[in-house]
Structure formats: C-alpha cells, structure tokens
Amino acid sequence: KRKVGILISGRGSNMSALIEAAKQPDYPAEIALVLSNRPEAAGLRHATDAGIATGVISHRDFADKRSFEEAMDERLREAGIDLICLAGFMRLLSPWFVDAWRDRTLNIHPSLLPSFKGLDTHARALAAGVRVHGCTVHIVRAEMDDGPIVAQAAVPVSSQDTAESLAARVLGAEHRLYPHALALIASGRAIVEGERVRVDAEAVLPQMII
Ligand code: GAR
C-alpha cells in the first residue's frame, strides 16, 4: 500500500473521508500521518481519534517559509510517505517543495477547475450564474489551484442556492471524490503524463464523477 500524508489547516472533513475510505482492506493507500500548520485545527482531534499519527508544524514557529516547508518535508520523509494529500491546507507551497514531491501531491479544490481558482468559489460561481458547479482533485503544481486533473465531480446549481447551500452540496461531492481520486493514483490506474492524467479505461467511475 502507498503511504499517504495528509496536510490540513482546519476542519478536516476531507481528511476524515480519506481515513474512512482507507479502512477498507482493499483500499490501495494507507493514511500514515496527518500534519497541520494550525495547532487548533479541528481535524487533528479526529485523526488522533482514528488512531493516526499527527503533528503540528506551525508556520508561525519558523523564521521563513523555507524552514517551515523543510520541517514538513523532513517529517513526511521520516514517516516514509509516498503521496501527499492536501485537504483544506491553506498555505501555498513553494516551487522547491512542489518539485521535491512532484506528481506525488494531490489537492482538492471546491470548483470545476480551471474555473474559479482561489477563494470564495461558491459565491463566485453563483455570481457567474453557472448551472453546474463541483470540485476537482488535481496534481499540485507551483501555480495555485493548477495542475493535471485526476477527477472531477459535478453538482447542479439551483436558483434558490446560497453560497452556504451550494458549499454543502459540493462538500458532499468532495467526500466521495477524494477517496476515489486517491485510489486511482495510489493503485496506478491513473498515471501522470506531463500535464495530463491518463486514467485506465477499466477504472469504474461513480455517477457524476468524471
Ligand atoms: C474544502 O471545501 C476544500 O475543497 C477547500 O477547503 C475546504 C476544506 O474543508 N479547499 C480549498 O479551498 C483549497 N484552496 P475540510 O477541512 O473540511 O476538508
């Protein structure tokens, strides 16, 4: 099994979805470590309760971004991590870190990329009047919310939606999408080829996940 390290900054509901999925005996990845850059992140408690090793590496404890990221890199290597999953990790990673973990770092973003990179994606989707919204799991590149797409899930947008109701619908899709996308990468059924991901024709895709 591939060993996965999850980086979080807060609630950690996507982290919990990955932990839950990885309990299945045939799941191709094991969650070996959860790191948070914020000591008060609620997700830390959930990870500990699930019996997973956790660590806090607070960016505030370091003189600069480089030494903060070196500390994370070291901890991930010590734990023998093969793949990193960003799950609501709200710091932009430097090019050197992205290169060190090139094609081995996944992120989930709450929009159908390349639309709506950045923050406040749900309010911006409503303002744009889109009828379909969703979430994306992609391979991390140095540019924010950029990189080869592993999988996406679509949700409908209704005229009655608020940013909150839409966020809740997308979050439900995120919790199904991320375990599926990680399994594709960890099992080798999805392979990064340059700036695209090739998915095995036999990989079975759940409805609305494409
Ligand atoms: C999720 O909706 C995730 O897609 C988003 O933050 C939320 C974290 O929730 N990530 C980003 O906006 C990254 N740019 P969680 O901590 O409960 O998983």
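Just so it is clear, the structure is predicted and the values come from calculations on it, not from any experiment. Residues: numbered from 1 along the sequence shown. All ligand and atom numbering here is 1-based and tracks the order in the structure. All values below come from the heavy atoms of this structure, side chains included, with hydrogens, waters and symmetry mates left out.
- Backbone and side-chain nitrogen or oxygen atoms of N107 are examined, and none is located within less than 3.5 angstrom of a nitrogen or oxygen of ligand 1.
- When only non-hydrogen protein atoms are considered, atom 15 (P) of ligand 1 lies nearest to S13 N, 3.4 Å.
- Taking the charged nitrogens against the carboxylate oxygens, R38 and E40 do have a contact shorter than 4.0 Å, which makes a salt bridge.
- Within the 4.5 Å cutoff, the side chain of I185 has heavy atoms near those of the V150 side chain.
- Which of G43, G88, A167 comes nearest to atom 8 (C) of ligand 1 through a heavy atom is settled by distance: it is G88.
- No donor-acceptor distance shorter than 3.5 angstrom exists from the side chain of D103 to the backbone of V192, with no hydrogens or angles considered.
- R11 NH2, 3.0 Å is the protein heavy atom nearest to atom 9 (O) of ligand 1.
- For ligand 1, one of its N or O atoms has an N or O atom of G12 under 3.5 Å away.
- For atom 14 (N) of ligand 1, the closest non-hydrogen atom of the protein is H109 ND1, 3.7 Å.
- Not less than 6.0 angstrom separates the ring centroid of H138 from the ring centroid of H109.
- One finds no salt bridge joining E69 and R66 here, because no Lys/Arg side-chain nitrogen approaches an Asp/Glu carboxylate oxygen to under 4.0 Å.
- Set against the non-hydrogen atoms of E174, the atoms of ligand 1 under 4.0 Å away are 1 (C), 2 (O), 3 (C), 4 (O).
- Among protein heavy atoms, atom 11 (C) of ligand 1 sits closest to P110 CD, 3.7 Å.
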